[in-house]
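Proteins come first, then strands; the chains are lettered A, B, ... in the order of their sequence lines, and each starts at number 1.
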Amino acid sequence: FFGKGVPNAADMAMLEEALLEADLGWKLTEKVMTDLPALCSKQGLGLREGLAVVLRGMLPANADPPGDPRPLVTMIVGVNGSGKTTTVARLAAMEKARGFKTLMACADTFRAAAGEQLALWGTRLDIPVVTRPEGTDPGAVAFDAVASAVARGFDRVFVDTAGRLPNRKGLLDELSKVHRVIGKSMEGAPHRVLLVLDGSVGQNALQQAGGFASAVPLTGLVITKLDGTAKGGAVFAMAHELGIPIVFIGTGEGGGDMSVFDPVEFTGALVG
Amino acid sequence: RLAERLSETFRTLSGRGVLTEGNISDAMREIRRALLEADVNFKVAGRFVSEATEKALGGKVLKSLTPGQQVIKIVHDQLVELLASGSSSLHFTGSPPHVVLLCGLQGSGKTTTAARLAWWLARKKNRRSLLVACDLQRPAAIDQLEVMAKKAGAGFYCNRAVSDPVLVAREAINQARLQQYDTVIVDTAGRLHVDQELMDELVRVRDAVKPEEILLVLDGLTGQDAVNVAVKFQERTGFTGSVLTKMDGDSRGGAALSFAAVTGRPIKFVGVGEGIEGLEAFDAERLAGRILG
Ligand SMILES: Nc1nc2c(ncn2[C@@H]2O[C@H](COP(=O)(O)OP(=O)(O)OP(=O)(O)O)[C@@H](O)[C@H]2O)c(=O)[nH]1
Ligand SMILES: Nc1nc2c(ncn2[C@@H]2O[C@H](COP(=O)(O)OP(=O)(O)OP(=O)(O)O)[C@@H](O)[C@H]2O)c(=O)[nH]1
Ligand SMILES: [Mg+2]
Ligand SMILES: [Mg+2]
């Protein structure tokens with residue numbers, strides 16, 4: 001569907017369903033449906049091309065601050081099971097492949113076998129990992145890892161944290177503390193804070209971002225599990241609403257299954 | 001809140017408590033939006049609203065309620081009826097050991113559910129469970145289940161020397177018989193509903209242990225995709241019900257309605273926390289109220 005020329009009612013109806021099905025939510029879907037006909041006729045575009053323009057225009061650009069701190073420290077946060085640990089492994093693998101001396105740290109000292117999980121990734125990828133026993137203060141692990149990275153000349157540090165739901169104020173406070181402690185270990189760190197979201201997340205994506213943003217300054221979003229049938233539209237809507245750029249996407253469980261976010265590919269796939 | 005939004009819709013109503021086609025359709029637009037915001041699948045929400053509209057048009061007037069309250073009551077009751085379909089309890093017939101097979105997407109909460117279920121069965125049904133580590137794929141999955149089993153006071157079986165979960169499952173059943181466990185809970189690797197190879201593997205595990213209960217563990221934060229996951233898993237496994245996890249968060253949980261509507265199967269448990277006690281029996285009334293917001 002979506003032929004060239006004036007969009008007809010049937011095409012618009014199909015488009016509306018596709019946007020809802022992609023988890024864009026009814027509000028953003030209505031906005032797109034309202035803006036689209038005028039844009040298509042004004043720019044002489046077919047429905048699909050016009051849609052691509054509208055959607056891409058809604059995405060905030062990635063605006064990583066300038067500078068080349070060594071080590072560049074990235075903190076990974078997000079709700080339970082979203083794919084944080086696997087993201088730490090995949091991003092570390094990407095950086096190592098680019099020639100950077102990379103360290104992974106497991107500041108998840110709560111969940112069963114969290115340290116073992118990241119340690120196994122370290123062995124698989126030949127990347128050093130800092131872990132501590134279950135129950136250790138997560139701030140202490142993060143502090144030690146970053147201090148060690150500074151002392152030993154690492155270029156990249158990725159800090160994994162425990163999953164938490166954004167309505168748990170105590171857990172958000174813990175995250176703020178880990179963030180603060182990392183800053184004590186190295187001034188300006190962490191330089192990146194990435195919120196990891198499951199691609200199949202629904203409208204709760206907005207609460208997740210709001211909650212985590214209240215605890216730590218988010219620099220970017222990672223959408224995982226886009227190898228499924230979910231389109232990640234709720235993360236798109238949240239990125240648009242809160243102005244946080246999407247930086248990486250996950251497309252599988254292997255160490256190489258993460259890529260830099262491509263807005264053209266992503267918005268094209270949104271309506272299938 | 002929905003009640004406020006509906007009272008706004010009905011504010012200009014002149015009649016006394018009478019629902020007309022016009023104000024019903026206005027109200028149903030608000031209901032549909034509320035359902036979409038709650039992550040109910042848009043097709044499920046559409047059908048739900050059509051059915052509620054018919055009920056509202058055909059119903060008798062409840063003089064004690066305002067028009068807005070009448071619509072909410074119709075919608076609430078229909079929601080509870082849909083969510084409460086099928087039996088929410090576990091059914092174990094024949095001689096033990098009785099097997100519960102857990103399946104679902106990556107990260108939905110299966111491993112944690114295995115341990116929580118063992119704890120719940122011990123406390124509420126006086127059952128002794130053997131937890132079986134059939135996720136041979138995820139790094140440290142076996143370790144994770146082993147730690148959780150200990151926390152739950154349950155038995156634990158694994159075989160780190162093999163790569164076929166079917167083998168582990170079969171061995172576990174024998175072990176359960178030998179050690180007289182009445183319940184076997186099988187944890188499996190997360191898998192995509194569209195991964196044919198892994199879905200085939202799940203069916204092989206199922207056929208090897210012949211479970212009394214097959215539970216789809218579904219993340220309560222899931223949006224529109226819940227219907228795809230539910231339909232595909234039902235096609236291949238014929239599951240008996242689901243567990244809706246992470247409902248201690250602030251997700252409205254519309255995925256539950258999507259699940260119930262497209263599968264006709266019951267939600268049996270709700271995950272309300274990471275700890276061993278974080279599992280509750282499903283309550284349709286509570287979930288209906290939460291979905292409607
Ligand atoms: N198919 C697919 N699975 C993924 C992807 N990313 C992560 N996973 C899987 O999702 C599951 C959860 O991943 P984890 O990395 O453990 O998630 P987490 O956020 O660290 O989880 P917690 O620490 O328990 O909160 C694992 O089975 C991963 O293999 C992805 O992009 N695609
Ligand atoms: N807050 C909360 N967290 C939960 C709940 N259920 C599971 N979790 C957490 O969600 C994360 C994923 O749970 P797992 O049990 O590892 O999920 P899984 O389905 O076994 O994951 P895979 O084996 O990778 O597919 C963990 O951090 C759990 O502690 C719940 O009901 N509430
Ligand atoms: Mg993790
Ligand atoms: Mg698991």
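- Neither the backbone nor the side chain of Arg252(B) comes within contact range of chain A; no heavy atom of the residue lies under 4.5 Å from a heavy atom of that chain.
- Looking at Ala230(A), the atoms closer than 4.5 Å to chain B (heavy atoms on both sides) sit in the backbone and in the side chain alike.
- For residues 100-107 of chain B, a heavy-atom distance under 4.5 Å to chain A picks out Gln106(B), Gly107(B), given by residue number.
- Heavy-atom pairs under 4.5 Å with chain A were tallied for Ala255(B), Ser251(B), Pro139(B); the largest tally goes to Pro139(B).
- With chain B as partner, the option from Glu116(A), Lys225(A), Arg111(A), Glu134(A) having the largest number of non-hydrogen pairs under 4.5 angstrom is Arg111(A).
- Among the residues in residues 205-214 of chain A, those with a non-hydrogen atom closer than 4.5 angstrom to a non-hydrogen atom of chain B are Gln207(A), Gln208(A).
- Electrostatic pairing of Glu30(A) and Arg29(B) does not count as a salt bridge here, judged by no charged N lying under 4.0 Å from a carboxylate O.
- Contact detail for Lys27(A) and Glu37(B): the closest heavy-atom pair is NZ-OE2, 4.3 Å.
- In this structure, OG1 on Thr229(A) lies 3.0 Å from NE2 on His193(B), to the nearest 0.5 angstrom.
- Taking chain A as the reference chain and counting heavy-atom pairs below 4.5 Å, the highest number among Lys43(B), Glu146(B), Met148(B), Gln144(B) is found for Gln144(B).
- The shortest heavy-atom contact between Asp250(B) and Pro166(A) is OD1-CG, 4.4 Å.
- Between Lys246(B) and Gly81(A), the shortest heavy-atom contact is NZ-CA, 4.1 Å.
- Both the backbone and the side chain of Glu21(A) come within less than 4.5 Å of a heavy atom in chain B.
- Between Gly202(A) and Asp39(B), the shortest heavy-atom distance links the atoms CA-OD1, 3.3 Å.
- If you measure heavy-atom distances from Leu192(B) to chain A, the contacts under 4.5 Å come from the side chain alone.
- Panel note: side chain Asn167(A), backbone Asp248(B); a donor-acceptor pair is recorded below 3.5 Å.
- Heavy-atom contacts from other residues, nucleotides or ligands closer than 6.0 Å to CZ of Arg32(B) number 12 or fewer.
- Heavy-atom neighbours of Glu265(A) CD from other residues, nucleotides or ligands within 6.0 Å: at or below the threshold of 12.
- Contact count against chain A (heavy-atom pairs under 4.5 Å) is highest for Thr222(B) among Thr222(B), Leu145(B), Val194(B).
- Once rounded to the nearest 0.5 Å, the distance linking CG of Leu19(A) with CD of Gln224(B) reads 11.5 Å.
- With a threshold of 4.5 angstrom between heavy atoms, Lys151(B) approaches chain A through side-chain atoms but not through N, CA, C or O.
- Put simply, CG on Leu24(A) and CZ on Phe42(B) are 12.5 Å apart, with the number rounded to the nearest 0.5 Å.
- Rounding to the nearest 0.5 Å places CG of Asp227(A) at 9.0 Å from CG of Asp195(B).
- Neither the backbone nor the side chain of Lys231(A) has a heavy atom closer than 4.5 Å to any heavy atom of chain B.
- When heavy atoms are compared at a cutoff of 4.5 Å, Asn41(B) does not approach chain A at all.
- Summarising the geometry, atom CG belonging to Asn204(A) is positioned 9.5 Å from atom CG belonging to Asp219(B); distances are rounded to the nearest 0.5 Å.
- Only the side chain of Asn228(B) comes within contact range of chain A, judged by heavy atoms closer than 4.5 Å.
- Dense packing is recorded around CZ of Arg236(B), with more than 12 heavy atoms of other residues, nucleotides or ligands lying under 6.0 Å away.
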**OP:** Step by step, work out the side-chain contact (heavy atoms from CB on, under 4.5 Å) result for Gln117(A) and Arg138(B).
**Re:** CA-CA 8 Å; Gln117(A) 184 185 3; Arg138(B) 167 174 154 153; 3.4 Å; yes

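- When Ser108(B), Ala38(B), Gly254(B), Ala140(B) are compared by the number of non-hydrogen pairs under 4.5 Å with chain A, Ala140(B) comes out ahead.
- A salt bridge does not link Glu274(B) to Arg168(A): none of the charged side-chain nitrogens sits closer than 4.0 Å to a carboxylate oxygen.
- Residue Asp126(A) places its CG atom among 12 or fewer non-hydrogen atoms of other residues, nucleotides or ligands, all under 6.0 Å distant.
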